[in-house]
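What's counted below: heavy atoms across the whole structure, side chains too, no hydrogens, waters or symmetry copies.
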Amino acid sequence: MSSENSAPNQAASTATTLIHRPRRLRRTATLRRMVQETTLTVDDLIYPMFVMEGEEQKMEITSMPGCYRYTMDLLLREIAQVYQLGIGAVALFPVIPESKKDDTGSESYNPEGLVQRTVRAIKQAVPDILVITDVALDPFTTHGHDGIVDPKGMILNDPTVEVLVKMAVSQAAAGADMVAPSDMMDGRVGAIRKALDAFGYIDVRILAYSAKYASAYYGPFRDALDSAPKFGDKKTYQMDAANAREAIKEVTLDIAEGADIVMVKPALSYLDIICQVKNYTQLPVAAYNVSGEYAMIKAAAQNGWIDEKKVILETLTSMKRAGADLILTYFAKEVALMLM
Ligand code: PBG
C-alpha cells in the first residue's frame with residue numbers, strides 16, 4: 001500500500017489536460033467514507049414479524065428462509081433480542097386460524113384477538129420498542145381479500161372502512177404505537193384518524209401504505225399468513241405497477257387525511273416512486289422491502305450465486321439513497337448484526 005500523501009505519484013499524461021478527476025476522492029477507504037452520501041443505520045429499520053397461536057413453537061416460512069411464524073412466548077423473546085440489537089420498531093402480522101376467519105373479518109377487532117393480546121404482551125415485556133399494527137382485513141377473511149366482498153365479487157369501499165376503523169381503534173386500545181393501514185381503501189386514513197382522536201388516542205401515529213402496488217412480489221408473505229385471495233386479484237384496490245403520478249395522488253390524499261408517515265410498497269422495483277414521493281413531501285417516507293424481494297436474495301445466496309451480505313447492504317442502501325427514511329425489511333435483524 002502506497003501512502004496517499006506521497007506525491008507526485010503519477011505524472012499527468014501530456015495528452016490529457018484534466019481539471020476534474022473524480023477518482024481522486026475514491027482513492028482510499030477513509031476518503032470514500034468521508035464523501036459517502038448515504039449511510040444505512042439500524043435506526044432506519046423496522047422489522048416485520050409474524051405471530052401465530054400456540055405455545056413454544058416457531059415455524060420457518062418455506063419461501064422466506066430465516067423468517068419464522070412465532071407463538072407469542074417465543075416472539076416476545078425474539079423481540080427482546082432485536083431491541084437489544086438496536087431495532088426500534090416491529091410491524092406485527094398475525095396468522096389467523098381458519099376457524100376464526102369470516103366474510104367480514106370480524107376477528108380483526110376482537111379485543112382478545114391474537115394481535116391485541118400480542119400488542120399488550122409486547123408493551124409489557126419490551127415497553128420501549130415501537131409496535132406497529134397492520135390495518136387490513138386479508139388475514140381475517142375467508143376469501144383473503146382486504147375488504148368486504150359483495151355477491152358479485154366487488155370489494156366494497158365504505159363498509160370496509162367501517163371495519164378498518166374498529167380494527168385500528170382496538171389496536172390502539174391494546175397499546176399499539178402506530179397503526180398501518182395496508183388495505184388501499186379510499187378514505188381510510190381520514191376515518192381512522194378521526195376515530196382515534198374521538199377515542200382519545202391522539203398520539204397514535206398513522207403509517208399509511210399510500211402507494212401500495214398490486215404486486216407479484218407479495219407471494220411469500222401470503223404463504224406466511226395463508227392469506228392469498230381465493231378468487232381474483234387485488235387490482236381494484238392496489239395500484240397498477242405502470243403508474244407513477246397516481247402515487248403522488250394517493251400520497252397527497254393520505255397526507256390531507258392525517259398520515260404521519262407515508263409508505264411506498266414494494267421498494268426495489270419502485271425506487272423511482274420513493275424518490276418522487278420524497279421530493280414531494282416533508283413527511284418521513286417509508287419503503288417496504290417486501291417478501292418477494294427478500295426471497296429472491298435468499299434463493300440466489302443459497303445457490304452461492306451472490307454475496308448475500310453485500311447484496312443486502314447494497315439493496316437497502318439503494319432504498320435509502322432513493323429517499324426512504326425508514327425501511328421495513330425481513331433483513332432487519334441480520335443487518336443490525338452486520339452494522340454492529
Ligand atoms: C396485506 C399485506 C400484504 C403485505 C403486507 N400487508 C400482502 C397483500 O397486500 O396481499 C405484503 C408484505 C410482503 O410481501 O412482504 N394487506
Side-chain angles (χ1 to χ4, degrees), residues 46-55 57-59 61 67-80 82-83 89-127 129-142 144-148 160-185 188-189 191-192 195-196 199 201 204-209 218 221-222 224-227 263 288 291 328 330:
I46 296 172
Y47 197 15
M49 299 184 81
F50 303 105
V51 62
M52 62 178 184
E53 297 283 4
E55 282 169 27
Q57 261 196 344
K58 64 178 204 178
M59 275 173 58
I61 299 152
C67 276
Y68 298 84
R69 305 158 152 192
Y70 294 96
T71 54
M72 196 198 295
D73 43 10
L74 297 192
L75 183 85
L76 292 176
R77 261 181 261 167
E78 187 67 18
I79 288 180
V82 304
Y83 186 65
V90 292
L92 203 57
F93 295 98
V95 185
I96 302 299
E98 231 25 72
S99 63
K100 297 227 166 117
K101 297 185 183 182
D102 63 19
D103 282 357
T104 60
S106 59
E107 177 65 12
S108 65
Y109 52 86
N110 176 358
E112 291 307 317
L114 178 58
V115 170
Q116 289 82 353
R117 277 181 283 128
T118 306
V119 172
R120 286 198 293 267
I122 299 170
K123 294 310 299 185
Q124 190 152 35
V126 193
I129 201 159
L130 284 168
V131 180
I132 303 172
T133 46
D134 191 64
V135 183
L137 299 188
D138 50 320
F140 303 94
T141 53
T142 39
H145 276 289
D146 294 40
I148 294 173
T160 299
V161 172
E162 283 176 34
V163 183
L164 296 173
V165 162
K166 289 188 209 170
M167 184 175 176
V169 169
S170 83
Q171 293 169 347
D177 299 288
M178 205 180 293
V179 296
S182 70
D183 57 289
M184 288 302 277
M185 295 302 122
R188 87 289 203 208
V189 170
I192 290 170
L196 289 175
F199 281 94
Y201 302 112
V204 172
R205 302 111 192 127
I206 299 179
L207 164 60
Y209 287 68
Y218 306 151
F221 175 95
R222 294 175 187 170
L225 294 194
D226 224 343
S227 66
M263 179 143 70
Y288 201 139
S291 57
L328 282 86
Y330 304 100

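Separating the CG atom in Leu92 from the CD atom in Gln116 is a distance of 10.0 Å, to the nearest 0.5 Å. To the nearest 0.5 angstrom, Asp146 atom CG is 10.5 Å from Tyr209 atom OH. In this structure, Ile79 CD1 and Tyr47 OH are separated by 10.0 Å, a value rounded to the nearest 0.5 Å. Here the CD atom belonging to Glu162 is positioned 11.5 Å from the OG1 atom belonging to Thr104, to the nearest 0.5 angstrom. Atom CG of Asp102 is separated from atom CD1 of Ile96 by 11.0 Å, given to the nearest 0.5 angstrom. Interatomic distance, Leu130 CG to Ile46 CD1, rounded to the nearest 0.5 Å: 8.0 Å.
Closest approach of Pro94 to Pro139, counting heavy atoms only: O-CB, 3.8 Å. Closest approach of Val204 to Ala172, counting heavy atoms only: CG2-CB, 4.0 Å. In terms of heavy atoms, Ile132 sits closest to Ala180 at CG2-CB, 3.8 Å. When all heavy atoms are compared, the tightest approach of Asp134 to Ser182 is OD1-OG, 2.9 Å. The shortest heavy-atom contact between Ala121 and Met72 is CB-SD, 3.6 Å. The shortest heavy-atom contact between Ala91 and Leu328 is CB-CD2, 4.0 Å.
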Trace of the side-chain contact (heavy atoms from CB on, under 4.5 Å) decision for Lys123 with Asp177: CA-CA 9 Å; Lys123 294 310 299 185; Asp177 299 288; 2.7 Å; yes
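The closest side-chain heavy-atom distance from Ile206 to Leu196 is below 4.5 Å. At a threshold of 4.5 Å between non-hydrogen side-chain atoms, the residues Val131 and Gln171 do not count as touching. Between Pro48 and Tyr330 there is a side-chain heavy-atom pair separated by less than 4.5 Å. Considering only heavy atoms from C-beta on, Ile122 comes within 4.5 Å of Leu76 through its side chain. Proximity of Glu107 to Lys101: side-chain heavy atoms (C-beta onward) are nowhere separated by under 4.5 Å. Using a 4.5 Å heavy-atom cutoff, the side chains of Asp103 and Thr142 are in contact. A heavy-atom distance below 4.5 Å is found between the side chains of Leu207 and Met263. You'll find the side chain of His145 stays beyond 4.5 Å of the side chain of Leu137, heavy atoms only.
In this structure, the side chain of Lys100 does not engage the main chain of Gly105 through any donor-acceptor pair within 3.5 Å. Checking side-chain atoms of Gln57 against main-chain N and O of Arg69 turns up no donor-acceptor pair under 3.5 Å. Listed for the Thr133 side chain is no donor-acceptor partner under 3.5 Å among the backbone atoms of Val179. Within the 3.5 Å criterion, the main-chain N or O of Ala174 finds no donor-acceptor partner in the side chain of Arg120. No donor-acceptor pair closer than 3.5 Å links the side chain of Arg188 to the backbone N or O of Leu164.
When the ring pair (Phe, Tyr, Trp, His ring centres under 6.0 Å) test is applied to Phe93, the partners found at least two apart in sequence or on another chain are Phe221. Shown here are the side chain to side chain contact (heavy atoms under 4.5 Å, CB included) partners of Glu78, two or more places apart in sequence or in another chain: Met49, Tyr70, Gln81, Val82, Lys333.
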